[in-house]
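As structure tokens, the structure follows; a few thoughts come after it.
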Amino acid sequence: MTAVAPRNVPRAWLIVADDLTGAADTGIAFARRGLATVVTWRNGETWGDASLRHAADQLAGDVPVIAVDADSRRLPAPAAAARQSAALAAHQTPGRIVYKKIDSTLRGQPAAETAALLADLRRHDHRTIAFVAPAFPATGRTTEAGRVLVNGQRLEDTPIFARDHSYDSGSLPDVLKTAGLESGVVPLDQLRRGAGVVRGIVENAMAEGCDAVVCDAATPEDLLVAAEAVLPLADRMLFVGTGGLASALARLVAPDEPPPPALPAVTGPVLVLVGSVAEASRAAAETLAASGRVTPVQVPEAVLRDAPGAQTAGRELTAKIGAALGDGHVLVVTEFGPGSDLAAGGAVAARLADLVGPATAHLGGLVCTGGDTVCALLGRIGVTGIRLVDEVEPGVPLGVTVGALALPIATKAGGFGTDATLLHCLDRLTSSASEKA
């Protein structure tokens with residue numbers, strides 16, 4: 001299908017996410033189309049203004065696309081909503097279209113966060129409506145009959161849902177209703193009648209004062225039809241989705257796909273850090289370890305939870321990681337068992353960053369999985385943002401850190417990817433070094 005861009009498309013966007021990897025894997029859709037894109041996050045009580053200024057200086061101009069990690073994934077609904085509103089207030093400027101990034105498997109508080117942002121935007125235009133399309137077909141996430149599916153399976157029946165969920169089901173209208181949002185659905189058969197039909201459904205919902213419209217999508221082409229339908233209404237939209245809808249919108253906003261900027265040469269060892277407990281990340285770590293390309297180091301859960309003797313063991317692990325990096329690439333994986341407390345993910349990530357950070361003085365590049373893990377480590381080593389450059393594979397963006405260090409970095413949401421994804425990330429970073437040799 002040929003993308004047909006509407007006239008006067010908006011080129012300035014604000015992406016508000018609930019974790020760092022989500023901000024990056026959505027922002028990369030615009031970066032790949034030649035729109036300079038920077039990921040930033042909270043630093044204490046501020047919102048990354050220094051990183052944006054630094055990035056703007058590097059890019060010799062304004063940053064058209066800003067992706068903000070509000071770090072709200074593990075907060076209760078009221079606090080998560082407030083954090084999203086604060087991120088919007090800190091970064092919104094006239095003419096900048098808002099894209100609310102949600103987790104493709106509905107983790108965190110997407111309903112409360114969407115309701116908060118919608119209320120904020122409606123203070124300026126009461127006609128604003130949320131267009132909710134969380135499908136990301138390239139990663140196996142689709143939406144049919146208003147329901148989230150993972151590789152064709154109902155979300156409720158997946159290990160992802162069993163391990164971590166906020167709602168009783170994957171029915172998007174029911175999820176939105178928990179935050180008081182009334183929504184309709186664009187079913188797949190209506191979507192496939194064309195963009196004009198979809199736009200008519202959305203405009204009718206606006207006229208009726210509806211809060212949201214949920215849009216089915218099972219393929220990238222479906223998302224492109226959806227994007228063509230609603231992009232002309234962008235000034236009255238709160239876009240709600242993942243990297244899938246973002247890719248479709250970016251394809252219309254900037255139809256060309258120029259060659260990505262060159263990465264800095266990777267002149268030292270690469271650290272691969274796996275803090276996510278998702279099955280996809282664990283399997284990818286096993287494949288990478290078996291390749292013989294890295295020295296694997298496992299961090300026992302007891303060390304991350306301040307068990308007796310944890311401080312001594314932690315110092316020993318820091319020294320072990322540092323020594324291994326002196327010899328080559330290193331894979332650091334956190335231990336995870338049936339009794340692990342996922343609610344303590346943020347605190348565990350902070351301890352992991354304290355343990356790994358001192359060993360990273362001579363790094364050449366980074367590969368990180370899990371939003372908490374990435375954010376904690378980057379904050380620990382003085383990084384305040386990421387300038388996005390390219391994509392290793394769908395959902396796995398590649399960029400350069402902004403702040404105290406300028407390192408090539410690949411980030412991956414825990415549940416994305418295949419068994420070979422981390423190996424592909426290492427290949428991509430190390431090939432950039434050989435190409436410059």
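Small disclaimer: the values here were computed from a predicted structure and weren't measured. The first residue in the sequence is number 1, and the count goes up from there.
- K101 has its side chain out of reach of V16: every pair of non-hydrogen atoms, C-beta onward, lies at least 4.5 Å apart.
- Taking the charged nitrogens against the carboxylate oxygens, R73 and D103 do have a contact shorter than 4.0 Å, which makes a salt bridge.
- Ion pairing between a basic and an acidic side chain is recognised when a charged N comes within 4.0 Å of a carboxylate O; R107 and D19 show no such pairing.
- Using a 4.0 Å cut-off between charged side-chain N and carboxylate O, D256 and R33 make no salt bridge.
- Aromatic ring pairs are classed by plane angle as parallel below 30°, tilted from 30° to 60° and perpendicular above 60°; the pair W13 and F30 is tilted.
- For the atom pair L252 CG and L224 CG, the distance stands at 5.5 Å (nearest 0.5 Å).
- R192 and D189 are not joined by a salt bridge, as no carboxylate oxygen comes within less than 4.0 angstrom of a charged side-chain nitrogen.
- Here R251 contributes atom CZ and R32 contributes atom CZ; the two are 11.5 Å apart, rounded to the nearest 0.5 Å.
- Atom OG of residue S171 and atom CG of residue L155 lie 11.0 Å apart, to the nearest 0.5 angstrom.
- A salt bridge links R147 with E156: the distance from a Lys NZ or Arg NE/NH1/NH2 to an Asp or Glu carboxylate oxygen falls below 4.0 Å.
- With contacts defined as side-chain heavy-atom distances shorter than 4.5 Å, the pair L378/I386 qualifies.
- A donor and an acceptor atom, one from each side chain of S72 and Q84, are located under 3.5 Å apart.
- In the model, R163 has no side-chain atom that pairs as donor or acceptor with a side-chain atom of T158 under 3.5 Å.
- With salt bridges taken as basic N to acidic carboxylate O contacts below 4.0 Å, one links D427 and R293.
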